[in-house]
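Letters go in sequence order (proteins before strands), and every chain restarts at 1.
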Amino acid sequence: MPRTQVERFSVSHMQILDDDGNADPELEPKLTKEQLLEIYRLMFLARKQDQRMLKLQRQGRIGTFGPCTGQEASSIGPAYALGDSDWLVTAFRDLGARLVRKEPLINSLLFHNGFEEGNVVPDEAPNVLPISIIVGSQALHATGIAYAMKYRGEKAAALTFFGDGASSQGDVYEAMNFAGVWKAPVVFICQNNQWAISMPRSKQTRAVTLAQKAIAAGIPGLQVDGNDVLATYAATKEALARAYAGEGPTMIEALTYRLMMHTTADDPRRYRNEDEEKAAWEKDPIPRFRKYIERKGIWDAKKQAALEEEIKGEVDATVKEFESRKDFQPEILFDHVFGTKHAEIEEQRAQFLENLKLKSAKAE
Amino acid sequence: MPRTQVERFSVSHMQILDDDGNADPELEPKLTKEQLLEIYRLMFLARKQDQRMLKLQRQGRIGTFGPCTGQEASSIGPAYALGDSDWLVTAFRDLGARLVRKEPLINSLLFHNGFEEGNVVPDEAPNVLPISIIVGSQALHATGIAYAMKYRGEKAAALTFFGDGASSQGDVYEAMNFAGVWKAPVVFICQNNQWAISMPRSKQTRAVTLAQKAIAAGIPGLQVDGNDVLATYAATKEALARAYAGEGPTMIEALTYRLMMHTTADDPRRYRNEDEEKAAWEKDPIPRFRKYIERKGIWDAKKQAALEEEIKGEVDATVKEFESRKDFQPEILFDHVFGTKHAEIEEQRAQFLENLKLKSAKAE
Amino acid sequence: MAKLNIVQAINLGLDQEMAKDDSVVVLGEDVGVDGGVFRVTDGLHAKYGEERVIDTPLAESGIIGTSIGMALAGLRPVAEMQFSGFSYHIFHQLEGHASRLRQRSLGQRTVPLVVRMPFGGGVRALEHHSESREATYAHLPGVKVVIPSSPRNARALIVAAIRDPDPVIFMEPKHVYRAFREEVPETEEVMEIGRSEIVQEGSDLTLVAWGAMMRPALRAAVEVQNARKVSIEVIDLLTIAPMDSHTIVESVQKTGRCVIVQEAPKTLGIASEIIARINDHVLLYLEAPVNRVTNYDVVTPYFGRELDFTPDAGRIQREIETTLDF
Amino acid sequence: MAKLNIVQAINLGLDQEMAKDDSVVVLGEDVGVDGGVFRVTDGLHAKYGEERVIDTPLAESGIIGTSIGMALAGLRPVAEMQFSGFSYHIFHQLEGHASRLRQRSLGQRTVPLVVRMPFGGGVRALEHHSESREATYAHLPGVKVVIPSSPRNARALIVAAIRDPDPVIFMEPKHVYRAFREEVPETEEVMEIGRSEIVQEGSDLTLVAWGAMMRPALRAAVEVQNARKVSIEVIDLLTIAPMDSHTIVESVQKTGRCVIVQEAPKTLGIASEIIARINDHVLLYLEAPVNRVTNYDVVTPYFGRELDFTPDAGRIQREIETTLDF
Ligand SMILES: Cc1ncc(C[n+]2csc(CCOP(=O)(O)OP(=O)(O)O)c2C)c(N)n1
Ligand SMILES: Cc1ncc(C[n+]2csc(CCOP(=O)(O)OP(=O)(O)O)c2C)c(N)n1
Ligand SMILES: [Mg+2]
Ligand SMILES: [Mg+2]
């Protein structure tokens, strides 16, 4: 009685695909051939768009962005598990997930060229929120959305992504704690890519896993191989099933690696060594998954070549469309300060237009 | 390999004194007779001052305050474990701990009558910070202080108190996480008194214990019987030893009960039932400890009567002194906006004094 | 038609809107079973249940961050900050999200959120229970800030705030929560957000105030009018942001003199902005400097000294006279 | 004497103070090994070690909350917010503690803390990387706010901030971080906090600006002076709070006309307070309304549209002329 163990916890790690593309037969999710190829295509598309954006950025044709290369499995697997009514609440490195949810490719260019138009999604992508830059803050929105789903009795959940750095933010803790109390249908995915700009994971917290952060909120936590798209998919599916069943939130730590710079404004050579990067490239999620579909006999070099061609075409066409866009009215920002009209804002709009006229008159 | 346990954790609970005042011989801390009696005296003093303050408040002679009755063991045990160089960083319900650290009794009256003078401590109480009202925010200060101690190589630690409600605040999580990373010498004491105003502990978090919040920060966490002053003392001593030895922070959840209203502005009958309160009174920490010292043969009814007399005298004298204080210059607030002189503040001081003069002229 | 105080009037508005629209939910610390520490949400938990009147964990950023999510998903959350002094934890959620999501998405996402918070002094409470920081919120584009001053306008404004498509900070002058009663009609009354009100017409001086300062301001106006042959136009600001410059500017154009009463510290308070707008539009009509009667730029005093710092009717009266005599 | 840009000048100031006083510690996200995302702390980690140049976990409230603790315990922390847009998480720690501990303890406890943060637009970065919200901090009694505009005053002000006994928000105009170089003496230079500087004397109009707006303001002044026979007095505000009304008021008393340039949105910006102080002290000397050239009250635009909104030399010039012609 004087000193007794009152609670016990553990953190598990899940992996389905091994490095050679062999899947654990017991855990392998039931995905059709079409689904597997769709996932592969999305991963490939995200990678190629990332590479193109890096070029565009270097040429000054778009602004700073945070490449997602290396995190295709940790981003796309979970998003692919979502149902149509579920919500996606992302940070800034989730091109993959956003493409899964049918956000147009061009949005990534518009957004990173400094236009709010890049946040507007079409009807096919109804429950995709704009990119959230304030690290960790969006996790709370997911909890609130999930509460609303539950309140209305909808069979829907919210999925939110955040990074290893974000796991240090009070907001993320509060989001998990509120979700726990409310049994809100949320899936929290921490993409632990080992770095928060220059901060290695080990300096972010003394916790050995990030999955154990779930214990503080009294909710289930799990670690998965984040470069294994079958694992990220399956773990999310399981978490969603719990969510739909009214069993509340789950946190998943997806172990992955940020293969590129933090953003194009960053130079990783200042703080990490190339050996580490090289080793991480060995675990690139795309070849691993490719081996799997090749083993399954549904993929080969010819199909690969065709896909590369096709995606190049898609990316090219998107860039072209992007560069032809000229419809950015500056004054529309006055339309979206409020949902109601106010004299002060309208007077300022008039002054703004007047100033713009005088400015361009002078420029001519 | 596909699904493996990677980490295991547990939460222990410690109790030394049983309900009848018998101590577990293995865990019983080595305290001298004088120390035991000093602890008892402090617990008793805190209780009596609390009761007197309640009367004063009801008579309109002081403002709102949060009674500490019931939490004497969870507050005094830890504070009693501190060394002279350690820092005390409290919330608003820690009269007991503050008295241990030699804050004058009158401060509680000055503070709760709306005068900053109640925060000024004498030289005998060097490392006691003013009461912190913003729930949870002070935990970060403790981590920062502890960092400073470590940075300067001093053998000193910071001890901070917060409540079960506070455990939901991002600040508390961040404080523990930073302390973990820094191996800062802090002892975090969560006084889980089961209520945060009207919110029962069970609605604050789905976590079964609050001690498990430590796991998220990767630091040791322990639950103790917070009505057992030997346990709170011993657990804190142990944590301090770790802190001094450079082994970093510890979190302790002290299970206790808020026997009175949240503050004098609160009416607990709106949200909790009297049976629960009655049951909690059965576990009052003061009689439990009294049984212990009686069993030890160092206390008896006569000594008790003498102590009651003495403490009544001390409290009476303090109230008298408090009510004779008239030295509250309003304009001194202008002295403490900044540590440097600024024209704008000085001009406002002059206006203030002018206005005060005109106001009192009119009042006469 | 019942005579209600401000607490009861807000409670009535909340109740009626909840009855009408089940997307309205109330959340915060102690708002449920306890009915709120000031009892503003009293009875709602019993009536609408714990799913709609949510006692949250103790974390303000959590309350507002999740409210933003609820609003994005179609609910109309009315969140309570127990005291405005504990609302600063939410600043990044307001600045970074609530105020921006409409523009960020060019109108596709909206955050119809009400954040209620009692503010201001006068209740002899602990530290952090007496500031007046409406200016902090009013400086944020995309956020509306309203402050009622009476039971009737409190009810009409809370209804407007709940129906408003944007985040509204609804600041409740707790000093007058129960100071007086007023007839509040049972039937719907909605007050337009973005409008000030001329509560007394006059031609010699414009007196602007809001919230709890309305009462000393009106008292001072009466005193001055009793003492001299002048008439004072009194404006209740009601909406702090976006501000209704028009009403003030027009009044000052007529009177040529203006006194503004502000409970908040002097520097960068609402009064500064009002002066700037008078300067912008009607400088040449001024017959005296605009006079601001404010708190001082000191850290908010504990309640023992608080009243020495807060503008009172006597000081306002003196400043009105100084301005008239200028 | 070396020619330095603002980044290098602040770095020099930090370095020299650290060398002198080992109670000075630097902390923040990426300030150590990486030297800060703008390289302001470059080299300090290598020189002073990880105990004094601390790469913190990613949590702003954590950074400032722990810094307050360090300051209470006798250190002199210089904390970095990576961008001012992420500084709102700290508002409750600033409002509730840093600004108050001195008064709370009647001088027994002090918080000699510097919070550095790059602010303002012009770097084509993502959302939250371009606001100018100095007014939000300047409204807090007990907090000092300074904004340098050149390498030399940046160095002299960072040194003053570190030595100051109070919390100082040190806002760095990142648009001009590397825009130009200036000779910065090796030897100690300290600039008094609480003083503005007349950078150009003149008699026809007072032009007030601060931070990155100094450059377009000065350009506009030159243009106007070239075009007409007028002389413009230009004031660099430097300390935002507590504000040096005196210098401005005296100048306006002389010139009778004033234009204020502000990168922040219009409502409740620093310009409003300056106007209020001119009103308080020298209203009768004004020959034209004080003219504020500011951003608009819209949510800070993404960078694609940012420049259309920010005051530029052309607009400032036009407003100077309007004011002269009034
Ligand atoms: C609240 C906040 N603080 C600081 C930043 C600047 N910042 C942007 S990303 C980043 C690191 C994020 O690390 P992590 O959460 O691991 O995500 P990753 O970049 O690795 O995807 C920082 C510090 C920010 N965007 N928000
Ligand atoms: C940040 C903040 N939010 C709200 C409050 C109002 N408040 C004061 S005490 C309290 C409950 C605290 O509960 P707990 O942490 O369990 O401490 P206890 O009162 O039980 O000692 C609340 C909500 C506050 N002081 N600070
Ligand atoms: Mg990361
Ligand atoms: Mg409690």
Side-chain angles (χ1 to χ4, degrees), chain B residues 87 89 111 115-121 127 129-134 136-152 154 156 158 160 169-171 173-182 184 186 217 332-345 347-348, chain D residues 22-23 25 27 51-52 54-75 77 89 92-93 95-97 99-113 141-144 164-167 192-194 239 241-246 277 280:
Chain B
W87 284 69
V89 185
F111 179 90
F115 290 103
E116 288 80 356
E117 280 75 357
N119 288 322
V120 182
V121 293
N127 297 331
L129 286 188
I131 286 178
S132 184
I133 305 276
I134 306 173
S137 61
Q138 74 281 4
L140 282 164
H141 308 166
T143 299
I145 290 169
Y147 186 90
M149 300 297 107
K150 189 180 171 187
Y151 174 78
R152 285 202 295 251
E154 290 171 20
T160 185
Q169 284 283 8
D171 274 4
Y173 164 67
E174 292 180 14
M176 294 199 286
N177 195 52
F178 273 60
V181 171
W182 290 343
V186 202
I332 65 161
L333 299 194
F334 289 92
D335 294 344
H336 300 299
V337 181
F338 295 118
T340 48
K341 283 238 179 220
H342 295 277
E344 176 66 25
I345 302 292
E347 277 161 36
Q348 290 192 21
Chain D
D22 65 15
S23 67
V25 299
L27 69 164
E51 305 267 289
R52 286 190 71 189
I54 311 161
D55 272 322
T56 66
L58 208 177
E60 287 76 11
S61 179
I63 295 168
I64 299 306
T66 57
S67 294
I68 291 171
M70 292 179 194
L72 285 166
L75 299 187
H89 294 72
H92 66 289
Q93 287 284 353
E95 200 278 346
H97 293 297
S99 69
R100 288 170 183 258
L101 271 150
R102 175 182 290 278
Q103 187 185 291
R104 184 179 292 158
S105 66
L106 298 180
Q108 192 170 46
R109 305 287 170 201
T110 61
V111 184
L113 159 68
V143 164
K144 294 171 179 171
D164 198 272
D166 297 311
E192 189 183 340
I193 291 179
T239 292
M243 202 188 278
D244 175 10
S245 325
H246 192 72
R277 291 183 187 204
D280 290 349

Structural part of E347(B) lying under 4.5 Å from a heavy atom of chain D: side chain
Chain B contact via D244(D) - which portion, at a heavy-atom distance below 4.5 Å: neither
Heavy-atom closest contact (I134(B) atom, G96(D) atom, distance): CD1-CA, 3.5 Å
Structural part of L27(D) lying under 4.5 Å from a heavy atom of chain B: side chain
Test item: E116(B) and Q103(D) side chains (from C-beta on) under 4.5 Å apart, heavy atoms: yes
Heavy-atom check, side chain of L106(D) versus side chain of F115(B), under 4.5 Å: no
Chain B contact via S67(D) - side chain, backbone, both or neither, heavy atoms under 4.5 Å: neither
For G65(D) against H141(B), the heavy-atom pair lying closest together: O-CD2, 3.3 Å
Interface moiety of H89(D) toward chain B, non-hydrogen atoms closer than 4.5 Å: neither
Any L72(D) side-chain heavy atom under 4.5 Å of L129(B) side chain: yes
Part of V25(D) lying under 4.5 Å from any heavy atom of chain B: side chain
pair R152(B)-L75(D): side-chain heavy atoms closer than 4.5 Å: yes
Residue selection (most heavy-atom pairs with chain D, distance under 4.5 Å) from N127(B), D335(B), T143(B), D171(B): D171(B)
Proximal component of R109(D), with respect to chain B [non-hydrogen, under 4.5 Å]: side chain
Over all atoms of both residues, closest heavy-atom pair of S105(D) and V120(B): O-CG2, 3.5 Å
Intermediate values then yes/no, side-chain hydrogen bond (donor to acceptor under 3.5 Å, both in side chains), N119(B) and Q108(D): CA-CA 9 Å; N119(B) 288 322; Q108(D) 192 170 46; over 6 Å; no
Nearest non-hydrogen partners of Y151(B) and D22(D), listed with the distance: OH-O, 2.5 Å
Contact leader toward chain D among I345(B), L333(B), I133(B), where contacts are heavy-atom pairs under 4.5 Å: L333(B)
Side chain, backbone, both or neither of V337(B) within contact of chain D (heavy atoms, under 4.5 Å): both
Chain D contact via I332(B) - side chain, backbone, both or neither, heavy atoms under 4.5 Å: side chain
Which portion of R277(D) sits near chain B, non-hydrogen atoms under 4.5 angstrom: side chain
H97(D) and L140(B), any side-chain heavy atoms less than 4.5 Å apart: no
V89(B) portion near chain D, given a 4.5 angstrom heavy-atom threshold: neither
Which atom of P130(B) lies closest to which atom of R104(D), heavy atoms considered: CB-CD, 3.6 Å
F338(B), part contacting chain D, at a heavy-atom distance under 4.5 Å: both
Check: E51(D) and Y147(B) side chains under 4.5 Å, non-hydrogen atoms: yes
Value rounded to 0.5 Å, distance of CD1 in I64(D) from OG in S137(B): 14.0 Å
Segment of S61(D) engaging chain B (4.5 angstrom heavy-atom cut-off): both
Chain B contact via Q93(D) - which portion, at a heavy-atom distance below 4.5 Å: side chain
Per-residue contact mode, E174(B) against chain D (heavy atom under 4.5 angstrom): side chain
Exercise: identify the closest heavy-atom pair between E344(B) and S245(D): OE1-OG, 3.5 Å
